[in-house]
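In what follows, a structure is listed as structure tokens, so that the remarks can point back to it.
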Amino acid sequence: MLVLLKFVNSRWHTRHVGLVPTMGYLHEGHLSLCRRARSECAHVAASIFVNPTQFGPNEDLARYPRDLPRDLRLLEQAGVDLVLTPDPGEMYPPNFQTYVTVEQVTQSLEGAARPGHFRGVATVVAKLFNIFQPDRAYFGQKDAQQVVVIKQMARDLDWALDVIVCPTVREPDGLAMSSRNIYLTPEQRRAATVLYRALNVAKAIWESGQREGEPLRQAMRETLATESLARPEYVSAADPISLDELGIARRGVLLSMAVRIGATRLIDNLFWNDVLLQERLVVR
Ligand code: PAF
């Protein structure tokens with residue numbers, strides 16, 4: 001389904017188009033992307049699609065939260081002009097058989113923990129780029145590896161678009177906003193603040209001049225261990241372009257983690273050096 005929220009003038013193809021891809025159940029993080037797009041682009045499109053190909057067989061595809069009427073209202077208020085809300089069968093018709101694989105930066109972190117995840121992400125984002133032909137596409141820093149993968153794909157497949165990375169929006173106690181936070185019980189919600197605390201402990205160590213990866217990872221592990229409900233899946237201090245675990249930092253650091261709180265899997269990150277914020281991938 002294609003929902004036209006505002007009259008789109010006939011110059012759609014001649015002025016800047018901004019695209020905000022989402023899986024819906026929108027929160028302030030998504031809306032900050034829409035507002036940024038609105039402030040920079042003549043036309044703003046969004047997509048709401050819970051993309052089945054990026055979920056593993058034991059993941060939460062069936063119960064992923066959905067609320068289309070609310071999402072459409074919020075997107076309209078944020079100034080979005082057009083929303084694509086396709087059915088899975090429209091994006092992946094019978095006999096669909098072409099996928100996009102980004103080879104290297106998908107191997108570690110989320111890619112290692114969720115086999116096939118980035119193949120699904122890259123494929124659906126490639127399709128959305130082809131459908132909308134955006135000049136600028138907006139993604140949140142919270143999915144830092146996703147941003148690295150999409151920039152790599154855009155460069156490798158010659159999309160002349162800017163990938164704009166917007167800061168993670170946090171609750172007042174530091175928890176990164178995520179559609180999955182809805183799964184947390186009140187006790188788990190309280191425990192979930194440990195992710196941001198652990199990142200900040202490592203941040204302080206980085207800011208004191210430490211450039212070796214292991215002390216940063218160790219500090220995050222130790223902080224996570226203070227919360228009995230937290231079960232870390234991985235803790236990483238990686239190079240922000242290759243995503244290889246750091247020996248010694250050459251061009252900044254991406255601190256990241258995936259932690260289970262009860263059945264809910266949460267991710268978060270902080271980074272230094274703006275390579276992640278550059279609009280196109282530049283490898284030095
Ligand atoms: O970040 C997300 O919500 C999804 O991975 C995306 C980019 C919309 C692709 O399905």
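Whatever order the structure lists them in is the order used to number ligands and atoms, beginning at 1. The structure presented is a predicted model; accordingly, all values stated were derived computationally and were not measured.
- Around atom 9 (C) of ligand 1, the closest heavy atom drawn from Lys127, Met23, Gln54, His30 belongs to Gln54.
- Here is the list of ligand 1 atoms found below 4.0 Å of a heavy atom in Gln146: 1 (O), 2 (C), 4 (C), 5 (O), 7 (C).
- For ligand 1, the atoms closer than 4.0 angstrom to any heavy atom of Thr22 are 8 (C).
- Applying the side-chain hydrogen bond (donor to acceptor under 3.5 Å, both in side chains) test between Arg189 and each of Thr264, Asn181, Asp173 identifies Asp173 as the sole match.
- Grouped by direct or indirect side-chain proximity (heavy atoms under 4.5 Å, Ile/Leu/Val/Met/Phe/Trp/Tyr only), Met177 sits with Val169.
- Near Pro21, meaning under 4.0 Å from one of its heavy atoms, ligand 1 places the atoms 8 (C).
- Between Leu243 and Leu254, the shortest heavy-atom distance links the atoms CD2-CD2, 3.8 Å.
- Taking every heavy atom of Val124 and a limit of under 4.0 angstrom, the matching atoms of ligand 1 come to 9 (C), 10 (O).
- In this structure Arg73 satisfies the salt bridge (charged side-chain N to carboxylate O under 4.0 Å, His left out) test with no other residue, sequence neighbours excluded.
- Checked by distance only, ligand 1 and Asn51 stay at 3.5 Å or farther apart across all their nitrogen or oxygen atoms.
- Gln218 is not listed as a side-chain neighbour of Ile205, based on a closest heavy-atom distance of 4.5 Å or more.
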